[in-house]
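What follows is a set of notes on a single structure, which appears directly below.
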Amino acid sequence: MNTSIIQARPDFAAIAAWIPQGSSVLDLGCGDGSLLRYLRETREVRGYGVEISDANIAACIANNVNVIQNDLESGLADFEADSFDFVILSQTLQATRHTEALMNEIVRVGREGIISFPNFGYWKNRLQVLLGNMPVSDELPYQWYDTPNVHLCTLDDFEILCAHLGIRILGRHVMAGGSDVIVMPNLLGSTAVYRFRRDS
Amino acid sequence: MSNSVGTVSAQRASFDTPLVFKSGAVLPRYELVYETYGTLNADKSNAILICHALSGHHHVAGYYANDTKNIGWWDNMIGPGKPIDTNKFFVIGLNNLGGCHGSTGPSSINPQTGKPYGASFPVITVEDWVESQARLADQLGVTRFAAVIGGSLGGMQAMQWSLSFPERVRHALAIASAPHLTAQNIAFNDVARSAILTDPDFHNGDFYQHGVVPTRGLRLARMLGHITYLSDDAMADKFGRELRTGKLNYNFDIEFQIESYLRYQGDKFAAYFDANTYLLMTKALDYFDPARELDGDLSRAFAAAKARFLVVSFTTDWRFSPDRSREIVHALLHNKCDVSYAEITSQHGHDSFLMQDEQYFAVMRNYMDRIAEEVR
């Protein structure tokens, strides 16, 4: 099962690579709990997921993953400052409405934050816009009228937001088609994973 | 009746070691009635304790051979193949001390006087119940429960188990519960108690000797309680402004269907429930507050807990609202306890915890299945 999850979600492997054995983890928008389960089985992390969907709550419980049913948009008031080694937000940032507030919450609750998101600046996305249409791809599999994504950004945009919020970026892992991207990541990367913390 | 545990029978356990209540009162001896479903496994690790709420009892699932219509109060949840699967678990339901369904309570005969305890029965707390339940577990050879499960006041007992006996509970499931009652909630209980206490037939709790029952008080108490267990929407859906006879009669008889329903519920309840037990149960609710002696800090209260927790609330439950469950979750998170929290969308108010609901049952089934794997 471990390998299939990693194949399906290459960002999971990138996230896991940054998480030491035995860390405490809060996974925001944790879906069915696959990442937390993977981290528990491979890294012995202890942690919790936060989810809003009923089906995912039941699935997390079936995956033996602690999950709290809550709306991320209402903040992380249930969680105390610096109560986790890592707060993870995987492929969810672009669908959050109060994105700025959530970023601040992530670095309040976690000693480090890890975020993965689709890079809107990926050349295939740019090309589709240039050709006159909103991008639709594996990473952005929605039509403009049914997408939950309200805050899409490029890598540059994300880094500007971090600077604006006083968040220091500690690491960046950019991928396209399952391979790492080193050169011109904002153009050639389809997915990015960032590791960061509050700049204090 | 598919998926039923089938015919069941109540059993009785006697205790001769005096029970010292939190109030300081002492009960020298007492009995608890209980039922069990399923089979205790060889290492006695698959036992589940079901704690009942205000008006519940030991008849949790199945039916009686001589009364097949008398189905247990949580039969939809417990049975072979049901979320609490009796093919996997040994399930114990009991009638709490102070109850009126067979366990020693105010209507039982006090052997020292030969009369019903009545007003002399000690005011009981959730902690006292848990102590008495632990003694029942001892008699049944259960040193550690796979889970202690309860809704409402039963959820308070599940939480208290994790605090009183941290080593004896693998999982605590608190459903539609609260870490303590709010002032509003205590106020409802006080009105209900006042209805009973001021009934001329109450006789200060010793009505048994007078051959009467404070039916009017009990009825009012139940009617009030029932309103608070339902949601505004559920009542509107079920009854609306429907009239019994289809027209206004310009008098004080029962005109609206909701009035008829409430009185029916009140009458039904008053016919079998003991007024003193009602007083005791509501007091236990009011008193429960594990943070009370810790400056109101619930996080400190849960520091002792070692169980894993499932907390469940229902969106339209305004008597034990999701916010109260979130307080429990918050305290557990502070202590880094394993906890999952599900907020079930339901329109049935506090009563939701007794009703079949797809999401609620999926959460319960998945959680219980994980426990079953742990204790297999």
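Within every chain, numbering begins at 1; the chains are lettered A, B, ... in the order of the sequence lines, protein sequences first and strands thereafter. The shown structure was predicted, so the numbers you read here are calculated from the model rather than taken from an experiment.
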Assert top hit (heavy-atom pairs under 4.5 Å, partner chain A, pool B/V363, B/V339, B/L310, B/I344) equals B/V339
To the nearest 0.5 Å, what is the distance between CG (A/N70) and OH (B/Y341)?
8.0 Å
Measure B/V329 against the heavy atoms of chain A and call it side chain, backbone, both or neither at under 4.5 Å.
side chain
Looking only at heavy atoms, which two atoms of A/A59 and B/N366 are closest? And how far apart?
N-ND2, 4.4 Å
Is there a donor-acceptor contact under 3.5 Å from the side chain of B/E343 to the main chain of A/Q69?
no
Could you tell me whether the side chain of B/R370 and the main chain of A/A62 form a donor-acceptor pair under 3.5 Å?
yes
The single option from A/I61, A/V65, A/I57, A/I68 that satisfies side chain to side chain contact (heavy atoms under 4.5 Å, CB included) with B/S340 is A/I61
Taking all atoms of both residues into account, what is the closest heavy-atom pair of B/L333 and A/D78, and its distance?
CD1-O, 3.8 Å
For B/E358, is the CD atom crowded, meaning more than 12 foreign heavy atoms sit under 6.0 Å from it?
no
Are more than 12 heavy atoms, taken from residues, nucleotides or ligands other than B/E374, located less than 6.0 Å from that residue's CD atom?
yes
Working to the nearest 0.5 Å, report the span between NZ of B/K336 and CZ of A/F84.
6.5 Å
Where does B/D338 contact chain A at under 4.5 Å (heavy atoms): side chain, backbone, both or neither?
both
With a 4.5 Å cut-off on side-chain heavy atoms, are B/R308 and A/N64 touching?
yes
With a cut-off of 6.0 Å (strictly less than), are more than 12 heavy atoms of other residues, nucleotides or ligands near CG of B/D323?
yes
